[in-house]
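One structure is given below, encoded as C-alpha cells.
In each ligand, atom 1 is the first atom listed, and ligand 1 is the first ligand listed.
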Amino acid sequence: MKTRGLVVVLSGFSGAGKGTIMKHLLKQYEGLYHLSISATTRGKREGEEEGREYFFKTREEFDRMVSEDAFLEYATFNGNSYGTPKAYVEQLVSEGKDVILEIEVKGALQVREQFPDALLLFVTPPSAEALKERLLGRGTESEEVAMQRLAISSQEAQLMEQYDYLIVNDVLERAMEEVHNIIQSEHFRTSRNIESIERVREELQAFAE
Ligand code: 5GP
C-alpha cells in the first residue's frame with residue numbers, strides 16, 4: 001500500500017543537530033527520503049557547496065524568486081533570507097516521495113498553511129546548556145553570532161507546541177531512528193489512507209449484496 005508523499009518539516013534550535021540527523025538519515029535510508037535544498041542570501045560557510053547545502057543567491061536574485069512566486073515559504077533568519085523552492089517539493093510529493101524541509105519556525109508554519117497535512121517535527125538538545133556548548137564548540141560562528149542564535153532559540157521555543165512531534169537529540173543514532181519511525185508510522189494514519197478505506201468498504205459491500 002503506497003500513500004502520497006509526505007511533506008516533512010524538520011525544525012529545531014540552531015545547534016540542535018538537525019543537520020547531522022538529516023545527513024545520517026539520508027545515508028542510512030538512501031533513496032527513501034529526499035531533502036529540499038533551500039535558497040539563501042547568507043554567505044557560503046567553509047565546506048559548503050552550491051546546490052548541496054543551499055543555492056546561494058544575491059539579494060536581487062532572491063527577491064526576484066519571491067516576485068515570481070517561486071517559494072513555498074520564505075523567512076528571514078538573523079538578517080538573511082531563506083526560502084524553499086516550490087517546484088521540487090510539489091513534484092516529489094506528487095510522485096509519492098517523502099520530502100524533508102529543514103527550515104526555521106516561521107517558514108514551518110507557512111508550510112502548514114499550504115500543506116495542512118504536513119508533518120512537523122521539532123528537534124531540541126537535552127538542555128539549553130548543551131545547546132550553548134554545541135553552538136560555541138561548532139566554531140563556524142563568532143561568539144557574538146552564537147549568542148544571537150541562542151536569543152533566537154528562546155523566541156522559537158514559544159512555538160514548539162505547534163509541531164506534531166518533539167525529538168530530543170541526546171544520542172544521534174537514536175534521534176535519527178525516531179525521526180525515521182515517526183515518518184514511517186505517519187503513512188499509516190487513516191486520514192492519509194482514504195482510498196484504501198474506500199476500496200475495502202466497496203469490496204465488503206459487494207459481498208454483503
Ligand atoms: P543556517 O544559516 O544555520 O544554515 O540556517 C539558519 C536557519 O535557517 C536554520 O534554522 C535553518 O533550518 C533555516 N532554514 C534553512 N533553509 C530555510 C528555508 O528555506 N526556509 C526557512 N524558513 N528557513 C530555512
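Note on ligand 1: Ser14 sits outside its first shell, no heavy atom being nearer than 4.0 Å.
In summary, the atoms of ligand 1 found under 4.0 Å from a heavy atom of Glu73, numbered by their order in the structure, are 18 (C), 19 (O), 20 (N), 21 (C), 22 (N). Counting the atoms of ligand 1 from 1 in the order shown, those under 4.0 Å from a heavy atom of Arg149 are 2 (O), 3 (O). Using a 4.0 Å cut-off to heavy atoms of Gly107, the atoms of ligand 1 that qualify are 22 (N). Close approach of ligand 1 to Ala75 (heavy-atom distance below 4.0 Å) involves ligand atoms 22 (N).
Some N or O of Gly83 is nearer than 3.5 Å to an N or O of ligand 1, by distance alone. By the 3.5 Å distance cut-off applied to N or O atoms, Tyr74 is not counted among the residues near ligand 1.
Contact annotation: for Phe77 versus ligand 1, heavy atoms closer than 4.0 Å belong to the side chain alone. If you look at Arg42 next to ligand 1, the close heavy atoms, those under 4.0 Å, all belong to the side chain.
Looking only at heavy atoms of the protein, atom 19 (O) of ligand 1 is closest to Ser38 OG, 2.6 Å. Nearest protein heavy-atom contact of atom 4 (O) of ligand 1 is Tyr54 OH, 2.6 Å. Looking only at heavy atoms of the protein, atom 23 (N) of ligand 1 is closest to Glu104 N, 3.1 Å.
Panel note: side chain Thr76, backbone Gly79; no donor-acceptor pair is recorded below 3.5 Å. Counting only distance, with no hydrogens or angles, the side chain of Lys18 and the backbone of Gly12 share a donor-acceptor pair below 3.5 Å.
The two residues Phe56 and Glu61 come nearest to each other via the heavy atoms O-OE1, 4.2 Å. Across all their heavy atoms, Ala175 and Val168 have their closest contact at CB-O, 4.3 Å.
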Check the pair Asn169, Thr20 against side-chain contact (heavy atoms from CB on, under 4.5 Å), reporting the backbone distance first and the verdict last. CA-CA 10 Å; Asn169 184 15; Thr20 318; 5.9 Å; no
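Look at Arg42 and Glu48 and you find a salt bridge, because one of the NZ, NE, NH1 or NH2 atoms lies within 4.0 Å of a carboxylate O, short of that distance.
Side chains of Gln91 and Glu95: a donor-acceptor N/O pair is present below 3.5 angstrom, by distance only. Side-chain atoms of His187 and Asn193 form no donor-acceptor pair, as typed in the model, at a separation below 3.5 Å.
Under the rule for a side-chain contact (heavy atoms from CB on, under 4.5 Å), the partners of Ala70 that lie at least two apart in sequence or sit in another chain are Met65.
Here the shortest heavy-atom distance to atom 9 (C) of ligand 1, taken over Glu156, Glu102, Lys18, belongs to Lys18.
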